[in-house]
Amino acid sequence: DAKTTQPTSMDCAEGRAANLPCNHSTISGNEYVYWYRQIHSQGPQYIIHGLKNNETNEMASLIITEDRKSSTLILPHATLRDTAVYYCIVRAIRSYNTDKLIFGTGTRLQVFP
Amino acid sequence: SAVISQKPSRDICQRGTSLTIQCQVDSQVTMMFWYRQQPGQSLTLIATANQGSEATYESGFVIDKFPISRPNLTFSTLTVSNMSPEDSSIYLCSATGLGNQPQHFGDGTRLSIL
């Protein structure tokens, strides 16, 4: 699986959009971009994933560049409860033995009042 | 999405003992995994739990230390054997549902070894 690079930490004011970047310059054509977050003392929570088109759900939006070498997770109106470590992971299209997720160090997002 | 329950949620154990962690999923899943998260660190994959056969271990993890069972589609156990203080970590179970569902995680077992 391709390696990802994320900033170690970011701050965001409550109510503002939080834009979390991820670099995955070695991504292959059959690899998805997944985002998870981990709030303190909980297991990782799935947020969103995409292949090449931008995606949006009730939690966030995922913007993937045309060359797929980077992406941005957008939390449109950050709240204090969004304070967490955010992980960007690339993973090949599912087959029997490629379902595992390899976690990097992630971005620690601190939302402040 | 699948709901994943782990037991126990936390434990304090003596060195040299073993502890078995249980993972139960509320619906049929295809793949189940075990991860370790050491204090202040990210998650590291221990192994893939295969139904009815031996688990597939990642580099640095061995069956003698972390025996894993998966007797059916919705249940798995991880045993941490002959524990030492270095095994103090959070151990997490995850599972991938049917179809194109993403992988979901339990809240983990927080293990402290004295």
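All values reported here derive from a predicted model rather than from experimental measurement.
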Listing, residues 105-114 of chain B side-chain donor-acceptor contacts under 3.5 Å, not counting sequence neighbours, or none:
from, atom 1, to, atom 2, distance (Å)
Asp107(B), OD1, Gly43(A), N, 3.1
Thr109(B), OG1, Gln6(B), NE2, 3.2
Thr109(B), OG1, Pro8(B), O, 2.6

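Pairs passing the side chain to side chain donor-acceptor pair (under 3.5 Å) check and including a residue from residues 7-21 of chain B, sequence neighbours excluded, read Thr20(B)-Thr79(B).
The 12-atom threshold is exceeded at CG of Leu80(A), counting heavy atoms of other residues, nucleotides or ligands nearer than 6.0 Å.
For residues 34-41 of chain B, the interface with chain A (any heavy-atom pair closer than 4.5 Å) comprises Tyr35(B), Gln37(B), sorted by residue number. Applying a 4.5 Å heavy-atom cutoff, the residues of residues 103-113 of chain A that approach chain B are Phe103(A), Gly104(A), Thr105(A).
When the side chains of ILVMFWY residues are joined at heavy-atom separations under 4.5 Å, either directly or via intervening members, Ile68(B) and Leu92(B) end up in two distinct hydrophobic clusters. In this structure, Phe75(B) is not a member of the same hydrophobic cluster as Ile4(B), with clusters built from ILVMFWY side-chain heavy atoms closer than 4.5 Å. In the hydrophobic clustering of ILVMFWY residues, with side-chain heavy atoms under 4.5 Å counting as a link, Met10(A) and Ile48(A) come out together. Linking Ile, Leu, Val, Met, Phe, Trp and Tyr whenever their side-chain heavy atoms come within less than 4.5 Å leaves Met31(B) and Ile46(B) in two separate clusters. With hydrophobic clusters built from ILVMFWY side chains whose heavy atoms lie under 4.5 angstrom apart, Tyr87(A) does not share a cluster with Tyr91(B).
With a 4.5 Å cut-off on non-hydrogen atoms, Leu45(B) touches chain A through its side chain but not through its backbone. For a residue to count as touching a neighbouring chain, one of its non-hydrogen atoms must lie under 4.5 Å from one of that chain's; by this rule Gln38(A) touches chain B with the side chain only.
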Would you sort out whether Tyr46(A) and Gln103(B) count as a side-chain contact (heavy atoms from CB on, under 4.5 Å), showing the intermediate values? CA-CA 7 Å; Tyr46(A) 166 78; Gln103(B) 196 172 133; over 6 Å; no

